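In what follows, every heavy atom counts, from backbone to side chain, and hydrogens, waters and symmetry copies are set aside. Every value quoted in this text rests on a predicted model; they were computed, and no experiment measured them. Counting begins at 1 with the first residue of the sequence.
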Amino acid sequence: MTTTAAGAGPKAAPAGVDDFDADAPYRISGSVSVRPESFGALVYDFHTRRLSFLKTRALVRVVEALADQPDVHGALEVAEVPAHQREQYLKALAGLAKAGTIQPRSTTEGDTTS
């Protein structure tokens, strides 16, 4: 389920993100290394030996922000992704989750208040 804007209420998930829960917290997988480049970033998974690319710097900012935000929407907000581009980014993040580049995290992971 996704939201149109902070506090605007839920709407149906965009096509291609059926099993990706943007309301959940995510993080970069522990086996993945992200190397920033001028175009975005190279992403290498040491378990699968897969090399892939993040094609924009904005997507890199979103992926890096995931660990510090309560959900994917928060990472999109912090990375300043415009509202009209968020569906596109959700699709990209769903693909990264399917590939194992990002993974769900527990709600207490990264919580420094306890």
Side-chain angles (χ1 to χ4, degrees):
M1 187 181 291
T2 62
T3 56
T4 54
K11 69 173 190 170
V17 295
D18 303 335
D19 54 350
F20 178 70
D21 184 4
D23 293 327
Y26 280 80
R27 65 178 174 91
I28 298 171
S29 296
S31 63
V32 170
S33 174
V34 178
R35 185 175 90 186
E37 296 287 343
S38 60
F39 59 83
L42 291 172
V43 177
Y44 184 74
D45 189 322
F46 289 94
H47 286 287
T48 65
R49 305 183 113 203
R50 176 185 288 171
L51 178 66
S52 55
F53 305 92
L54 300 180
K55 296 180 183 178
T56 68
R57 289 182 180 179
L59 183 55
V60 175
R61 287 192 305 270
V62 172
V63 168
E64 290 175 339
L66 288 170
D68 298 325
Q69 298 303 313
D71 58 25
V72 174
H73 303 292
L76 292 168
E77 189 73 30
V78 166
E80 299 178 352
V81 174
H84 69 278
Q85 293 181 345
R86 294 203 177 173
E87 183 172 328
Q88 175 184 343
Y89 277 78
L90 288 172
K91 288 178 186 179
L93 291 165
L96 292 174
K98 188 173 183 177
T101 304
I102 62 172
Q103 64 186 33
R105 64 179 166 84
S106 71
T107 54
T108 58
E109 249 181 276
D111 182 5
T112 58
T113 59
S114 3

Under 3.5 Å, is there a donor-acceptor pair between the side chain of T56 and the main chain of G40?
no
Tightest non-hydrogen contact, residues V72 and D21, listed as CG2-O, 4.4 Å
Please round to the nearest 0.5 Å and tell me the distance separating atom CG of L59 and atom CD of Q88.
9.5 Å
Any donor and acceptor pair, going by atom type alone, linking the side chain of R105 with main-chain N or O of L66 inside 3.5 Å?
yes
What do the steps show when you test V43 against L51 for side chain to side chain contact (heavy atoms under 4.5 Å, CB included), and what is the final call?
CA-CA 6 Å; V43 177; L51 178 66; over 6 Å; no
Can you name the nearest heavy-atom pair linking G100 to V32, along with the distance?
O-CG2, 4.2 Å
By the side chain to side chain donor-acceptor pair (under 3.5 Å) test, which pairs, at least two apart or in different chains, include something from residues 33-46?
S31-D45, R35-E37
Minimum heavy-atom distance V62-A75, with the two atoms named:
O-CB, 3.7 Å
Where do A99 and R50 come nearest, in terms of heavy atoms and distance?
CB-NH1, 3.3 Å
Of all the heavy-atom pairs spanning L93 and I102, show the shortest one and how long it is.
O-CD1, 3.5 Å
Step-by-step salt bridge (Lys or Arg N to Asp or Glu O under 4.0 Å) determination, R27 to E64:
CA-CA 8 Å; R27 65 178 174 91; E64 290 175 339; over 6 Å; no
Just how far is it from atom CD of E77 to atom CD of Q69, taken to the nearest 0.5 Å?
9.0 Å
Can you get from L96 to V78 by hopping between Ile, Leu, Val, Met, Phe, Trp and Tyr side chains that sit under 4.5 Å apart?
no
Starting from I28, can I reach F46 by hopping between I/L/V/M/F/W/Y residues whose side chains sit under 4.5 Å apart?
no
Under a 4.5 Å cut-off applied to non-hydrogen side-chain atoms, are D71 and P25 in contact?
no
Between the OH atom in Y89 and the CG atom in L76, the distance rounded to the nearest 0.5 Å is 9.0 Å
